[in-house]
Amino acid sequence: MVVARTLPDLDQLDAETLRALLRATHEQLLSHQDEIEHLKLLLAKLRRMQFGRKSEKLERQIEQLELKLEELETAKASRDSQLAPVAESSQKSISPRPSRQALPEHLPREVKTYPANVGACPDCGGHLRKLGEDVSEVLEYVPARFRVIRHVRPKMSCSSCERMVQAPAPSRPIERGLAGPGLLAHVLVAKYCDHLPLYRQSEMYAREGVELERSTLADWVGGTSRLLTPLVEAISRHVLAAAKLHADDIPVPVLAPGNGKTKIGRLWTYVRDDQPAGDQTPSAVWFAYSPDRRGEHPRQHLRSFRGFLQADGYAGFHHLYDGGQIQEAACWAHVRRKFYDLQVAHASPIAAATIERIAALYAIESEIRGRPPEERLEVRSRRARPLLESLHSWLEKTLSQVSRKSEIAVAIRYALSRWRALLRYVDDGRLEIDNNAAERALRTVALGRKNYLFAGSDAGGERAATIYSLIGTAKLNHIDPEAYLRCVLERIPEHPISRIDELLPWNIQLQPDSPLKPETHT
């Protein structure tokens with residue numbers, strides 16, 4: 001149906017024509033509402049698949065759907081405002097607006113008062129007294145502003161002996177650098193958290209009349225990453241002291257020197273997060289870079305670690321379990337994903353039944369998340385173990401009935417070959433059912449990778465690992481990463497290296513301008 005871009009003169013239309021116009025508009029809005037709901041459902045499904053399949057094609061598809069959904073919702077809002085005087089009651093029944101949330105209390109308030117422009121009652125001339133007031137709030141944005149801080153150190157001279165006295169120069173994060181801690185923190189967060197490459201930042205600053213060359217910004221990133229290295233080493237010590245770790249890796253294109261082509265490096269993530277098991281030890285994530293994916297890298301990273309490693313089925317991790325000092329805890333999300341792909345592609349009843357059985361295990365986990373390990377262990381032993389035994393028997397029976405070369409057989413063998421490691425979470429209340437903690441930590445890398453295209457060198461990969469560690473750990477502790485980095489960069493130039501732990505996110509005293517809300521773990 002083609003709809004005119006402008007409304008006809010409603011005053012000239014008769015009642016029947018108005019009713020026809022409203023019916024047509026109603027049908028169009030219902031159609032667009034259905035399409036919006038369909039796109040939201042499709043996006044939710046694709047997001048669940050995105051970080052498991054690591055498909056560039058899938059990421060582009062999600063981007064296109066996001067743009068289409070954005071355009072539909074924007075157009076819908078425009079039509080709502082245009083048609084409100086004509087069909088206000090109909091619109092409310094078709095597309096109820098979401099409930100408006102209260103504006104955050106921590107934001108500064110600017111009060112503007114609008115007094116009545118009359119000195120007396122306009123009807124009788126009587127005296128006016130205050131009866132009350134109507135208060136409404138509007139969320140406004142004040143663009144960020146550069147400012148120059150001038151450090152002045154008066155020189156004093158003794159009138160008797162001519163000795164000169166002067167206060168020492170304040171330390172700077174980068175020696176003789178022009179950037180203050182706040183600007184350095186902003187550049188780092190914009191690049192590694194908000195995924196803005198340095199050349200784009202340079203263009204944005206130029207619009208504000210401040211010329212900062214990309215090479216200058218790159219020097220700042222390199223200088224701050226070197227300055228922050230001891231703090232990341234403290235994070236790695238904290239992470240590796242855990243009894244249980246989540247581990248994963250992600251490919252990162254890196255510019256190979258000399259030929260202008262790219263090679264594939266890796267960013268490894270190791271997450272310590274015991275809070276789902278009721279432990280209040282601070283959570284942290286440590287990123288490490290390697291120029292390839294050889295198994296010697298995780299072996300080197302985890303050489304001092306003793307405990308459980310929750311990871312996927314990557315062969316490079318397998319040698320870690322040989323000596324018994326590290327025990328494997330497999331990931332049920334990876335098992336489920338293989339059956340989910342089959343169910344979506346082929347509507348496989350076997351895959352659907354398997355997914356339903358795994359969903360029952362996750363339902364138990366949602367009930368006991370945050371409870372002490374002893375309680376989690378008791379519930380899992382009583383409720384999850386019988387489900388797992390039934391699932392194991394069913395998978396073995398099903399495997400004997402399907403073609404050994406079929407895709408469903410491959411998925412079943414993947415689960416059965418890791419069964420002991422998949423059962424490990426039932427025997428220890430500290431463990432999780434999956435490795436989603438590590439996958440969540442890698443999401444920011446996956447998003448940034450689309451904008452950076454590649455790292456400039458292996459050293460660039462190591463710098464990225466440094467900043468990702470600090471930003472990721474700040475987020476895990478519900479701290480604004482920019483406020484955290486600004487505070488750290490103010491203090492670290494003169495902070496004793498022997499007391500570096502004082503600058504960890506859970507030890508430092510901050511007054512963040514925009515505190516993060518606790519993340520929801522799924």
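Heads up: numbering here begins at 1 and tracks the sequence. All figures in this text were calculated on a predicted structure; none of them were measured in a lab.
In this structure, D292 does not pair ionically with R266, as no charged nitrogen and carboxylate oxygen lie closer than 4.0 Å. Between E432 and R376 a salt bridge is recorded (basic side-chain N to carboxylate O distance below 4.0 Å). A salt bridge between R369 and E375 is absent, with no side-chain N of the basic residue lying under 4.0 Å from a carboxylate O of the acidic one. Under the 4.0 Å criterion applied to side-chain N and carboxylate O atoms, R293 and D249 are assigned as salt-bridge partners. Here R382 pairs with E378 in a salt bridge; the nearest charged N to carboxylate O distance falls below 4.0 Å.
Across all their heavy atoms, S283 and N477 have their closest contact at O-ND2, 2.9 Å. What you find for I264 and P253 is that their closest heavy atoms are CD1-CA, 4.1 Å. The heavy-atom pair separating V271 from A438 by the smallest distance is CG2-CA, 3.9 Å. Across all non-hydrogen atoms, the minimal contact from N435 to A247 is ND2-O, 2.8 Å. Nearest heavy atom pair, residue P386 against residue S381, reads CD-O, 3.9 Å. Residues A441 and V285 share a closest heavy-atom pair of CB-CG2, 4.0 Å.
The backbone N or O of Q300 lies less than 3.5 Å from a partner atom in the side chain of R303, making a donor-acceptor pair. A donor-acceptor distance shorter than 3.5 angstrom exists from the side chain of W332 to the backbone of L422, with no hydrogens or angles considered. A distance-only check finds no donor-acceptor pair linking the side chain of D194 to the backbone of L196 [under 3.5 Å]. Within the 3.5 Å criterion, the main-chain N or O of R430 finds no donor-acceptor partner in the side chain of D274. Under a 3.5 Å cut-off, the side chain of S236 and the backbone N or O of E233 do form a donor-acceptor pair. Put simply, the side chain of Q327 never gets that close to the backbone of Y321: no donor and acceptor are under 3.5 Å apart. A donor-acceptor pair under 3.5 Å is absent between the side-chain atoms of T473 and the main chain of L470, judged by distance alone. At distances below 3.5 Å, not a single donor-acceptor pair connects side-chain atoms of K338 with backbone N or O atoms of I412. Side chain of H195 to main chain of C193: a donor-acceptor pair is present (N/O by atom type, distance under 3.5 Å, no hydrogens or angles).
At least one side-chain heavy atom of Q201 sits less than 4.5 Å from a side-chain heavy atom of L217. Considering only heavy atoms from C-beta on, P291 comes within 4.5 Å of D458 through its side chain. Contact check for F317 versus I326: no side-chain heavy atoms found under the 4.5 Å cut-off. With a 4.5 Å cut-off on side-chain heavy atoms, V232 and T229 do not count as touching. Using a 4.5 Å heavy-atom threshold, the side chains of E367 and R383 count as touching. Put simply, the side chain of T444 does not reach to within 4.5 Å of the side chain of I471, judged on heavy atoms. By the 4.5 Å heavy-atom criterion applied to side chains, L503 and H495 are counted as neighbours. The shortest side-chain heavy-atom distance between L231 and V488 falls under the 4.5 Å cut-off.
Relative ring orientation between H392 and W419 is described as tilted, the plane-to-plane angle lying within the 30° to 60° band.
Applying the ring pair (Phe, Tyr, Trp, His ring centres under 6.0 Å) test to W506 and every residue at least two apart in sequence or in another chain returns H238. Residues meeting the ring pair (Phe, Tyr, Trp, His ring centres under 6.0 Å) test with H297, sequence neighbours left out: none. Not a single side-chain hydrogen bond (donor to acceptor under 3.5 Å, both in side chains) links R491 to another residue, sequence neighbours left out. Looking at residues two or more places apart in sequence or on another chain, you find a salt bridge (Lys or Arg N to Asp or Glu O under 4.0 Å) between E502 and R499.
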Do V187 and V221 pass the side-chain contact (heavy atoms from CB on, under 4.5 Å) test, and can you show the C-alpha distance, the side-chain angles, and the key distance before you say yes or no?
CA-CA 8 Å; V187 170; V221 171; 4.1 Å; yes
Test side-chain contact (heavy atoms from CB on, under 4.5 Å) on L245 and L240; report intermediate values, then the result.
CA-CA 8 Å; L245 286 183; L240 296 175; 3.9 Å; yes
Please report the C-alpha distance between Y289 and V254 in whole Å, then the side-chain angles of each, then the deciding distance to 0.1 Å, and finally whether the side-chain contact (heavy atoms from CB on, under 4.5 Å) criterion is met.
CA-CA 11 Å; Y289 171 80; V254 179; 3.3 Å; yes
With side-chain contact (heavy atoms from CB on, under 4.5 Å) as the test, would you mind laying out the steps for V189 and I467 before giving the verdict?
CA-CA 9 Å; V189 170; I467 308 304; over 6 Å; no
Step by step, work out the salt bridge (Lys or Arg N to Asp or Glu O under 4.0 Å) result for D480 and R486.
CA-CA 10 Å; D480 176 5; R486 181 171 61 245; 5.7 Å; no
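A ring-centre distance under 6.0 Å is not found for Y270 and H246.
We find the CG-CH2 distance between L184 and W220 to be 6.5 Å, quoted to the nearest 0.5 Å. Between L198 atom CG and R214 atom CZ the span is 7.5 Å, to the nearest 0.5 Å. Atom CG of L267 sits about 11.5 Å away from atom CG of D248, to the nearest 0.5 Å. E328 CD to F308 CZ: the interatomic distance, rounded to the nearest 0.5 Å, is 11.5 Å. Remark: L387 CG to I364 CD1 distance equals 5.0 Å, nearest 0.5 Å. Note that the CG atom of D501 and the CG atom of L504 stand 5.0 Å from one another [nearest 0.5 Å].
Sorted by first then second residue, the salt bridge (Lys or Arg N to Asp or Glu O under 4.0 Å) pairs that include residues 389-416, not counting sequence neighbours, number zero.
Annotation: cation-pi pair R337/F339 absent, no NZ/CZ under 6.0 Å from the ring centroid and within 45° of its normal.
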Please table the atom pairs, donor to acceptor, closer than 3.5 Å between any side-chain atom in residues 348-363 and protein atoms at least two apart or in another chain.
from	atom 1	to	atom 2	distance (Å)
S348	OG	I350	N	3.4
S348	OG	A351	N	3.1
T354	OG1	I350	O	2.8
R357	NH1	S390	OG	3.1
Y362	OH	A333	N	3.3
Y362	OH	D434	OD2	2.8

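One side chain, S290 or W268, offers a donor N or O that lies under 3.5 Å from an acceptor on the other.
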